Asks: 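One structure, pasted below without further comment.
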Number of protein chains: 2
Amino acid sequence: MTEQAPTLLDVAREAGVSAATASRALNGSTRTVSAEKLNLVLQAAARLGYAPNLSAQATARGSTKTVALIVHDIADPYFSSIAAGIVDGAEAAGLTVTMAVTGRSPDRELEIVSILRGHRPHAIVLAGSRIGDDQEALADELSAYRAAGGRVAVVSQPGLPYGTVTIDNRRGADELADALVAHGYRRFAILRGPDVLHTSRDRAEGFTAGLARAGLEPVETVEAEFTEDGGHAAMSGLLDRGRGEVELVFAVNDVMAIGAMRALRDAGLVPGRDLAIAGFDDIPAAVDVDPALTTVAVPMRKMGRRAIELALAETEEPELVRLPTSVVLRGSTPRR
Amino acid sequence: MTEQAPTLLDVAREAGVSAATASRALNGSTRTVSAEKLNLVLQAAARLGYAPNLSAQATARGSTKTVALIVHDIADPYFSSIAAGIVDGAEAAGLTVTMAVTGRSPDRELEIVSILRGHRPHAIVLAGSRIGDDQEALADELSAYRAAGGRVAVVSQPGLPYGTVTIDNRRGADELADALVAHGYRRFAILRGPDVLHTSRDRAEGFTAGLARAGLEPVETVEAEFTEDGGHAAMSGLLDRGRGEVELVFAVNDVMAIGAMRALRDAGLVPGRDLAIAGFDDIPAAVDVDPALTTVAVPMRKMGRRAIELALAETEEPELVRLPTSVVLRGSTPRR
DNA sequence: GTGAAAGCGCTAACAT
DNA sequence: ATGTTAGCGCTTTCAC
C-alpha cells in the first residue's frame, strides 16, 4: 500500500495553518508561534505520525545534525570503546552518529571519506591510527571538506592538521618498560604490529627506549598482524623457534597480548609463570584473562568524548590533546 | 575562509554543460551521455573536488542509501559482532550505516526510532533483545515507517511483525544442559538477567527444561544485570552466601559468565576445578579466558549479514530466520 | 544526447 | 504572530 510519509504540508493542512507556521512550531524557535496554533500543529503532527524529513531539512538549512565516524574494525574492543565515547558525546550534543568501517584498507578509507563528505556531516571523526605515511589523497579529501566548513577530529594519530586527541604511546611504553625492569625482568621480546602503523612503531620504540635507560635491549622483535590472531601466530612462532632466554613478551596492544597468552596455553605453558606478558590499551578483556594482563591503560572512552568536543569547538588552531596513560601491573608479570 | 562546497552547477558550468547532463554523467545511468561530455564532466568534478550532496539527492529522489542500526551498547562484544556483520552486508549493498545506541532504555529507543525515521533510511535494523513486552509505542513508530515504504529487520528478538533473524535460545540452552549432564554434572545454579529480557528468560527456561528431562532441577537461580559486572556481583553474592552443593553455574550470556569467573578468582577459587562455568554466545573472549569458556555458539556476525538481506528482500510476509547454534564444550566444564 | 523547467520537503527572509 | 515567496542542490519529466 505504501502511502507516502506525511510531509510538513500535510501537517499544516491538517492543522489549518501555513507550512511556515507548522515549520516554526515543529522545528523552529518555538517562541514565535501562538500557544493555540502550536497545539493545533503538534496534535496534527501526532495524529499523522509525522517525522520531519531530515534530508530536506539539511538541504534547506545547508547543514546536518550528524557526525560521521570512521573506524577500522568495529568488532575490535579498542575501537568499539572509542566509538562508545563518541556516541556519548554526540548524543549529548544532539547529533546522530553515522559510522563507516575501513577494514584497515587505505583505499577504502579514502573512498569512505569521499562518500561521507557527501553526507555533509557536521563533523568527521577518524578513529585509530592511519595506515602509512602516504596520506596525500586522504589529506586532500579532508581539506576539501574542511574548506567547505566541515569539522574534523582525529583520534589516536597525531600529524594531521586537525584537532587531535591522542596519548603518548612512546612514553606509555617507556614507563611500562621501567616498571617491568623494576620488577626484576631483564630479557624482553617485543611483539609488534606492521611497521606502517604509527601506534605500533611508537610503542615499540618507547619500550626499547625505556629498556635502554636501564642498559638493556630487546632480545628479539617479532612482527605480526595487529590482531589477536596475529599475536597468537607470532607467539606460536616464537615458541617453535625456541624462546631461548626471553622472560617477558611485550605486545604492542592487548588484543595481540591476549592472542599470545592463548598461544602460550595452547603450548602447555602458563602465562605469567613460564613466560610473562604485557600489553597496551587496557581493554575490558584485560582483567578477564587469567592471569590478568599487565598493560598501559588508555582512556579510550574519554578519548572518544574528547574528540567530539574538539570537533565541535570553534577554534582556528588545531588543538592537540594528549590524555595521560598509566601503567597497570597485574598477574601476567609477577615480580621476579 | 570557508568557501562553499562545489555544487553540481559549479561542475556543469566548469564543464560547459547543463546541470542535467552533469547529473546524468555523475550519478545517473551513464549510458545516456556522450563519451566526450562524460569526460568533460568527470574531469571538472575531479578538478573541483566535487562530492554530491547526498541530502539533496535524497530529497530529490525521495530515498536514501543508508541503513540505520539500533543497538543497546556498542562496546558490548555481542552487539559489536552483530554490528560488524551488518556493516559488511550494508557495504556489499552499497549502503552507509548510521548507528544509534539506546543504552537499554526503552524510552531512548523509542525516541531514536523517531529521529531515525526522519533520516528516511532505506532500512532500520534493530539489534538485541527488546526490553519488556510493552512495545506498543515502538510498534506504532515502526509501522508508520513501514507504511511509508521503509524496511525493517530485527535481530535477536522474535515477536515483531518484521523480518527477523534469531536463534533458538531455549533449544540452545536445552542442548547445553544435556551436554553438561552427560559430562556428569548434577547440581546447577543459573545466573540469569532481568526477567523482562526475552533472551534471558528463554535461555534460563531452556536450560531448566533440559535438566528436567534428566529428572533434575536447578539448585538455585540468581538474577543480575545482563553485564559483566552483573555476573561478577551475582557470583560474589552466591559465594558469600555459601555456594553449597552447586557444581556448575550457567550464566545466560558469556559476558556474565566471564564476570562470574573473575569473581571466582577474586575469591581465590579456580574456575573449572572448584566450580564449573558455562555461558552462552561464544563471544571472541570466550577462548581468551582461562580455562576457556564452555558456551553455546551463536553466529553473531552472520546474523547481522542475514538481517540486512532480510531487510532488503522484497517480501510481503515477514520472514523468520532461525540460525543454528552449537554447544561448545571447553575447559571451564571438565568431565566429572 | 542534451537542455529547460518543474518539483522533492523544508527553511528563511520578507511582508503584513 | 502568521502567510507568501524564494530558494537549498539535486533529479527527472518533457521537449527538441
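Computed from a predicted model, the values in this text were never measured in an experiment. Chain identifiers are assigned alphabetically (A, B, ...) following the order of the sequence lines, protein sequences preceding nucleic acid strands; residue numbering begins at 1 within each chain.
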Asks: Rounded to whole Å, how long is the line connecting atom CG of A:Leu9 with atom P of C:dG7?
Replies: 13 Å

Asks: Using modelled atom types only, decide if a donor and an acceptor are shared between the side chain of A:Thr164 and the backbone of A:Tyr162 within a distance under 3.5 Å.
Replies: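 Judged by distance alone, yes, a pair lies under 3.5 Å.
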
Asks: Is there a side-chain contact between A:Val165 and A:Glu309 in this structure, where contact means two heavy atoms from C-beta onward sitting under 4.5 Å apart?
Replies: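 When only atoms from C-beta onward are counted, A:Glu309 and A:Val165 do not touch, as no gap falls below 4.5 Å.
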
Asks: Does the B:Arg120 side chain pair with the main chain of B:Thr59, one donor and one acceptor, at a distance under 3.5 Å?
Replies: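 Side chain of B:Arg120 to backbone of B:Thr59, a donor-acceptor pair under 3.5 Å: no, none is there.
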
Asks: Would you please name every residue forming a salt bridge (Lys or Arg N to Asp or Glu O under 4.0 Å) with B:Arg117, sequence neighbours left out?
Replies: B:Glu141

Asks: Go through the structure and list residues passing salt bridge (Lys or Arg N to Asp or Glu O under 4.0 Å) with B:Glu319, not counting sequence neighbours.
Replies: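 In terms of salt bridge (Lys or Arg N to Asp or Glu O under 4.0 Å), with neighbours along the sequence ignored, B:Glu319 is linked to no residue.
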
Asks: Tabulate below the donor-acceptor pairs under 3.5 Å that side-chain atoms of residues 33-51 of chain B make, not counting sequence neighbours, or state none.
Replies:
unit_1	atom_1	unit_2	atom_2	d
B:Ser34	OG	B:Lys37	N	3.3
B:Arg47	NH1	B:Glu14	OE2	2.3

Asks: So what is the end-to-end bend of the helix from C:dG1-D:dC16 to C:dT16-D:dA1, with 5 pairs used at each end and the value given to 10 degrees?
Replies: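 Axis-to-axis angle, ends of the helix: 30°.
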
Asks: Would you please name every residue forming a salt bridge (Lys or Arg N to Asp or Glu O under 4.0 Å) with A:Asp10, sequence neighbours left out?
Replies: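 Here the qualifying residues are A:Arg13.
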
Asks: Return yes if some donor-acceptor pair links the side-chain N/O of A:Ser114 with the main-chain N/O of A:Leu110 below 3.5 Å, else return no.
Replies: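 Answer holds: no.
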
Asks: Go through the structure and list residues passing side-chain contact (heavy atoms from CB on, under 4.5 Å) with B:Ser81, not counting sequence neighbours.
Replies: B:Pro284, B:Met300

Asks: Can you list everything that forms a side-chain hydrogen bond (donor to acceptor under 3.5 Å, both in side chains) with A:Arg24? Sequence neighbours excluded, please.
Replies: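 In terms of side-chain hydrogen bond (donor to acceptor under 3.5 Å, both in side chains), with neighbours along the sequence ignored, A:Arg24 is linked to no residue.
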
Asks: Kindly write out the residues that satisfy side-chain hydrogen bond (donor to acceptor under 3.5 Å, both in side chains) with B:Ser18, not counting sequence neighbours, or none if the list is empty.
Replies: B:Thr21

Asks: Residues of residues 45-60 of chain A with any non-hydrogen atom less than 4.0 angstrom from an atom of DNA chain D: list those, numerically ordered, please.
Replies: A:Thr59, A:Ala60

Asks: N/O contacts under 3.5 Å, protein versus nucleotides 2-5 of chain C?
Replies:
unit_1	atom_1	unit_2	atom_2	d
C:dT2	OP1	B:Ser34	OG	2.9
C:dT2	OP2	B:Ser34	N	2.7
C:dT2	OP2	B:Ser34	OG	3.3
C:dG3	OP2	B:Ser18	N	3.2
C:dG3	OP2	B:Ser18	OG	3.0
C:dG3	OP2	B:Thr21	OG1	2.4
C:dG3	N7	B:Arg24	NH2	2.7
C:dG3	O6	B:Arg24	NH1	3.4

Asks: Tell me yes or no: between the side chains of A:Thr64 and A:His122, is some donor less than 3.5 Å from an acceptor?
Replies: no

Asks: To the nearest Å, how far apart are B:Arg61 CZ and C:dG7 C1'?
Replies: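 Distance, rounded to whole Å: 15 Å.
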
Asks: For residues 83-102 of chain A, which residue pairs pass the salt bridge (Lys or Arg N to Asp or Glu O under 4.0 Å) check, not counting sequence neighbours?
Replies: A:Asp88-A:Arg301, A:Asp88-A:Arg305, A:Glu91-B:Arg108

Asks: So where does chain A start and stop touching DNA chain D, 5' to 3', when the test is distance under 4.0 Å to a non-hydrogen atom?
Replies: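 Contacts span D:dA1 to D:dC8, reading 5' to 3'.
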
